[in-house]
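As the structure lists them, so they are numbered: ligands from 1, and atoms in each ligand from 1. Values in this document were obtained by computation on a predicted structure and should not be read as measured data. Numbering starts at 1 and runs along the sequence shown.
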Amino acid sequence: MHHNTAKKVMLGCGAASVICCLLGLLFETQEPVLFYIFATLGIALAVGVFVIHLLYWRCPCCGKHLPTRTVGKLEYCPYCGSFL
Ligand SMILES: [Zn+2]
């Protein structure tokens with residue numbers, strides 16, 4: 001997977017994960033079944049983001065792990081300086 005694709009997937013899954021958790025909290029008291037469905041989905045998406053981050057969030061030139069906090073705005077590799 002290209003690191004740009006990984007970035008899009010991570011941001012999308014991260015947002016979906018947060019939305020699922022919020023929806024789960026919304027239904028927590030009225031519909032416990034929906035709460036468990038959304039909570040499980042939210043956790044699964046968060047784990048997916050973590051796995052994609054570990055496997056694919058790397059510089060295409062030097063192969064080093066890119067910093068986590070700069071997922072949305074990283075333009076250059078901090079290690080080799082190549083344009084991402
Ligand atoms: Zn690099």
Side-chain angles (χ1 to χ4, degrees):
M1 190 190 292
H2 193 268
H3 83 281
N4 269 328
T5 314
K7 178 166 86 179
K8 286 174 194 157
V9 172
M10 282 193 295
L11 290 174
C13 286
S17 167
V18 170
I19 289 167
C20 280
C21 288
L22 289 175
L23 281 173
L25 287 175
L26 210 72
F27 291 115
E28 190 185 2
T29 46
Q30 296 100 340
E31 296 285 342
V33 178
L34 282 177
F35 167 72
Y36 286 117
I37 291 171
F38 281 120
T40 309
L41 214 66
I43 291 165
L45 284 165
V47 170
V49 169
F50 182 70
V51 170
I52 290 168
H53 181 274
L54 277 182
L55 294 176
Y56 300 108
W57 188 236
R58 294 174 180 278
C59 171
C61 291
C62 65
K64 286 190 178 164
H65 232 269
L66 294 168
T68 308
R69 279 184 293 167
T70 56
V71 167
K73 55 190 174 201
L74 195 68
E75 289 180 7
Y76 295 93
C77 172
Y79 306 106
C80 68
S82 73
F83 186 70
L84 298 172

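Between the side chain of Trp57 and the main chain of Pro67, a donor-acceptor pair closer than 3.5 Å is present.
Counting only heavy atoms from C-beta outward, the side chains of Lys7 and Asn4 approach each other to under 4.5 Å. For the pair Cys21 and Ile43, the minimum side-chain heavy-atom distance is 4.5 Å or more.
Annotation: protein N, O or S atoms under 2.8 Å of the Zn ion (ligand 1) (waters excluded) comprise Cys59 SG, Cys62 SG, Cys77 SG, Cys80 SG.
Atom OH of Tyr56 sits in a sparse spot, with 12 or fewer heavy atoms from other residues, nucleotides or ligands closer than 6.0 Å. The local environment of OH in Tyr36 is sparse, with at most 12 non-hydrogen atoms from other residues, nucleotides or ligands closer than 6.0 Å.
Between His53 and His65, the angle of the ring planes lies from 30° to 60°, which puts this pair in the tilted group.
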